[in-house]
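As a basis for the values below, the full set of heavy atoms in this structure was taken, side chains included, without hydrogen atoms, waters or symmetry mates. By convention in this document, chain letters (A, B, ...) are assigned in the order of the sequence lines, proteins followed by strands, and residues within each chain are numbered from 1.
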Number of protein chains: 4
Amino acid sequence: MAVEPRLGRRQAVKALKRELILDAARRVFEADGIDGASLRAIAAEAGYTPAALYFHFESKEAIYAEVLKASLARLAEAVDQAVAASPAPAARLRAAALAFFGFYAANPRDLDLGFYLFRGGMKPIGLGRERDEMLNTALAAALRPIADAAQALGVTADAANLLMVDTFAHAAGLLLLAHTGRIRMFGASAPQLMARYVDAAIAAVGDGRGL
Amino acid sequence: MAVEPRLGRRQAVKALKRELILDAARRVFEADGIDGASLRAIAAEAGYTPAALYFHFESKEAIYAEVLKASLARLAEAVDQAVAASPAPAARLRAAALAFFGFYAANPRDLDLGFYLFRGGMKPIGLGRERDEMLNTALAAALRPIADAAQALGVTADAANLLMVDTFAHAAGLLLLAHTGRIRMFGASAPQLMARYVDAAIAAVGDGRGL
Amino acid sequence: MAVEPRLGRRQAVKALKRELILDAARRVFEADGIDGASLRAIAAEAGYTPAALYFHFESKEAIYAEVLKASLARLAEAVDQAVAASPAPAARLRAAALAFFGFYAANPRDLDLGFYLFRGGMKPIGLGRERDEMLNTALAAALRPIADAAQALGVTADAANLLMVDTFAHAAGLLLLAHTGRIRMFGASAPQLMARYVDAAIAAVGDGRGL
Amino acid sequence: MAVEPRLGRRQAVKALKRELILDAARRVFEADGIDGASLRAIAAEAGYTPAALYFHFESKEAIYAEVLKASLARLAEAVDQAVAASPAPAARLRAAALAFFGFYAANPRDLDLGFYLFRGGMKPIGLGRERDEMLNTALAAALRPIADAAQALGVTADAANLLMVDTFAHAAGLLLLAHTGRIRMFGASAPQLMARYVDAAIAAVGDGRGL
DNA sequence: TATGAATGAGTATTCATTCAT
DNA sequence: TATGAATGAATACTCATTCAT
């Protein structure tokens, strides 16, 4: 009876410390880039010795994964909130797609994190099978509302899924280009192009034109 | 009479050796990732001492740039060939867009190289201002035919440019997703989605629906 | 009660290890020359990996500076002891000058270190502004007693200063020649020449012949 | 008969090329410091490939030695000229000593070269026994006039020799201090101190006070 | 006489991680 | 839980020198 509260307190302290380390990691990722961030730098920023971090995370990659997971959770929350405010299916589809795009457009740090998952091509992504699956699941959850809204508009589950993937791809492409200055280089506006894409997609669904 | 052929031979040998080193670099990029590739590894793969590479290239970054440049040249050539085979503007637009997408879909190594250009977000790209501009120019040249064909279809220069950027973004997004297994994960097909996107774009241009 | 001694012990161990590394550095300086000494060699001589030295010193230059500082401290102590044992001003002047000379004559390693400070002419000294100033101050402290004794003999502060510099120069020149075999080559004795110089200087001061 | 002139021409061309390389070496020594000068840099400055220098000099050290030798020859010439202009022995002694000092005071590059000979302490000086002896002989020749003048003033050969060495030492010390800013640091003037030293030495010789 | 290519040894410093304390 | 010390591997690049051509 005297022990349990203590354990709870201990766990809370432990969780707090983890959170402080993750905050430090985010700051270092922003300052040095994700690949350029070293465990030493994260530890220093958090007020720790490098060795100390190993009591809180099993490896550098584990820290990456944790930060990524939190980012994806914020993304999903942003999408969910947008959807919750939109009663009609078409508006929901629009809101979900634009919220997804808007989250990353507004939070370039999170975009860097997201792209980190996509680096390396065919090479092992480096975070381990289990972590990869966890992150993929989190990503899928953030995209789900798009497919759900499409289905509510009357298309089949398969078509809704394709539309979701296609929207994801378009957003990713535009964000990639915008993030690296290519959109500006060509004198275009990423949010406008995204909005146009979404409107065309909704129109196509309405027409029964498939996608 | 005896000297000139020798000189020619020498230059040919020199060019050949450069090419062998670049091939080795490509293999190492594929195996270790582009950021993970070290000069030592490239040298070893090419059968050289690290120091020897400095007789052929002035720095590691110069090797990167050379490999990237060659890749973009092959891309542009693929697009140009596809366009040359298509007389009508609509077919040309389709051919250019699908050739761009198809080149990277068929050559994942080149896709890795291409994405390397896009990494880092706000971080320095690391190849130096001059090399960066050269590479941007090469990329723009590969995309140009898309805008040209759109303009031939009757839209304004601005609209043609937007369509080119949007197509670029869609291709990039689909390739990114496909390359990292996300397309498969959602049970979709990147080439099909790309073709559908292009067809819709052509139809929109035909309708005078802008984009 | 159990903790404090431990901390003291730790600090003592740390200081001891630093000293062992500095000793190794001194041996390597002697063996390879100061410019020729590499961090690797110092580490190997100390029984460490190169990386390990970075836990004890922040850079190679920091090691150089530490060794130099310790040498100058020993020099100053030798001069101070000689002066402390000499009550009369003339004897003090003599003792200080000969102690300065004698220290380096007896410790050729320290002479090499001292000359290192003087190398490079117009080139950057390479230890950084702060360290340079610290070392200059330490050197000035070792010479101070010469000027003080001269002043006690009745000359002005300026004249005492000049005598100090001149004595420094004569000692440095003789040591340089002796250290590189030139004195022997000319069949002379550096200590004798130094003593003669000092005696002449004291006589000149006594005569009121200025310097 | 047709051959000899050609050989002479060839040797002249060869000598000229050597001289051009040595000039380049001097410029690089000045720019990068003597230790910092690389064979590559000297070759580039001379308009050659590094490998080409090996047809003119057997090693990097040989280039050092040649440049040093030329410097010492200029020194000896400066001393000889000063002596030639001074008929009386006392004036000759004064002129020789001040010319020695003045040459290095006016030509800091040559001073760097001269000190290079004196570096390294007990370590092999690095130029090889033969070259060392050649350079020592050249140095002795530049100092000889000092001893000769002293002897002309009536002291024994041994005393004249000692005076020469002592003068050498004093000049070397003052130059060392001046060259590295220590004279300025103590608010003194090297030429004044040197002149005073020489005058005192001449007075001592006149008194029959030994030295 | 000169070159271009090549070598092997060398440089200081950083990295993620481990382990005894 | 946290530290300080340590490791071994890695980094890009420079050096004087050699050798076939």
Side-chain angles (χ1 to χ4, degrees), chain A residues 10 13-14 17 35-43 46-63, chain B residues 3 6-7 9-11 13-14 17-18 21 32 35-43 46-63, chain C residues 3 6-7 9-11 13-14 17-18 21 32 35-43 46-63, chain D residues 10 13-14 17 35-43 46-63:
Chain A
R10 268 196 198 168
V13 168
K14 183 168 184 163
K17 288 182 180 173
D35 277 321
S38 72
L39 225 189
R40 305 164 91 89
I42 295 170
Y48 281 109
T49 278
L53 298 203
Y54 286 85
F55 288 95
H56 301 278
F57 301 93
E58 66 180 1
S59 72
K60 190 189 170 192
E61 304 298 330
I63 298 180
Chain B
V3 171
R6 263 197 200 159
L7 273 180
R9 160 108 63 168
R10 259 197 203 170
Q11 283 177 333
V13 168
K14 179 166 185 161
K17 286 182 179 173
R18 268 178 72 98
I21 293 171
D32 299 351
D35 277 320
S38 73
L39 223 179
R40 297 161 102 89
I42 295 171
Y48 281 111
T49 273
L53 295 203
Y54 286 87
F55 289 93
H56 301 277
F57 300 92
E58 65 178 2
S59 70
K60 186 192 167 193
E61 304 300 331
I63 298 180
Chain C
V3 171
R6 264 197 199 159
L7 273 180
R9 160 108 63 168
R10 260 199 202 169
Q11 283 177 334
V13 168
K14 178 167 187 162
K17 287 182 180 173
R18 269 178 72 98
I21 293 170
D32 299 351
D35 277 320
S38 73
L39 224 180
R40 296 161 103 89
I42 295 172
Y48 281 110
T49 274
L53 296 202
Y54 285 86
F55 289 93
H56 301 277
F57 300 93
E58 67 179 1
S59 70
K60 186 192 167 191
E61 305 300 330
I63 298 180
Chain D
R10 268 197 199 167
V13 168
K14 183 167 183 162
K17 287 181 180 173
D35 278 321
S38 73
L39 225 190
R40 307 165 91 89
I42 295 171
Y48 281 109
T49 276
L53 298 202
Y54 285 85
F55 288 95
H56 302 277
F57 300 93
E58 66 179 1
S59 72
K60 191 188 167 192
E61 304 297 331
I63 298 180

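Backbone-only engagement by B:Ser38 is indicated by non-hydrogen atom pairs under 4.0 Å involving sugar-phosphate atoms exclusively. Residue-level contact check: D:Tyr54 touches the bases, meaning some heavy atom is under 4.0 Å from a base atom.
A sub-4.0 Å separation between OP1 or OP2 of F:dG4 and a side-chain N or O of C:Lys17 is absent. Put simply, A:Tyr48 has no side-chain N or O that comes within less than 4.0 Å of OP1 or OP2 on F:dT3. For E:dG4, neither phosphate oxygen OP1 nor OP2 lies less than 4.0 angstrom from any side-chain nitrogen or oxygen of B:His56. For E:dA2, the OP1/OP2 oxygens have no side-chain nitrogen or oxygen of D:Thr49 closer than 4.0 Å.
With a cut-off of 3.5 Å on both pairing distances, the Watson-Crick or G-U wobble partner of E:dA20 is F:dT3.
One atom, NZ of D:Lys60, and another, C1' of F:dT17, lie 12 Å apart when rounded to the nearest Å. The CD-C1' distance, from C:Gln11 to E:dT21, rounds to 16 Å in whole Å. Across the protein-nucleic acid pair, D:Phe55 atom CZ and F:dT18 atom P stand 12 Å apart, rounded to whole Å. Atom CZ in D:Phe57 sits about 15 Å away from atom P in F:dA16, given to the nearest Å. F:dC13 atom C1' lies 10 Å from atom CZ of D:Arg40, rounded to whole Å. Summarising the geometry, the separation between CD1 on B:Ile63 and P on F:dA12 is reported as 10 Å, rounded to the nearest angstrom.
Among all heavy-atom pairs drawn from B:Phe57 and B:Ala62, the shortest one is CB-CB, 4.4 Å.
Listed nucleotides: F:dC15, F:dG4, E:dT14. Nearest to the side chain of C:Ala51: E:dT14.
The shortest distance between side-chain heavy atoms of D:Lys17 and D:Tyr48 falls below 4.5 Å.
Summary of the strand contacts: B:Pro50 and C:Pro50 both lie near DNA chain E, and taking for each the nucleotide with the nearest heavy atom, the more 5' one is attributed to B:Pro50. Between D:Lys14 and C:Glu58, the one whose closest nucleotide on DNA chain E sits nearer the 5' end is D:Lys14.
Within the 3.5 Å criterion, the main-chain N or O of A:Ala51 finds no donor-acceptor partner in the side chain of A:Thr49. Judged by distance alone, the side chain of B:Arg18 and the main-chain N or O of B:His56 form a donor-acceptor pair under 3.5 Å.
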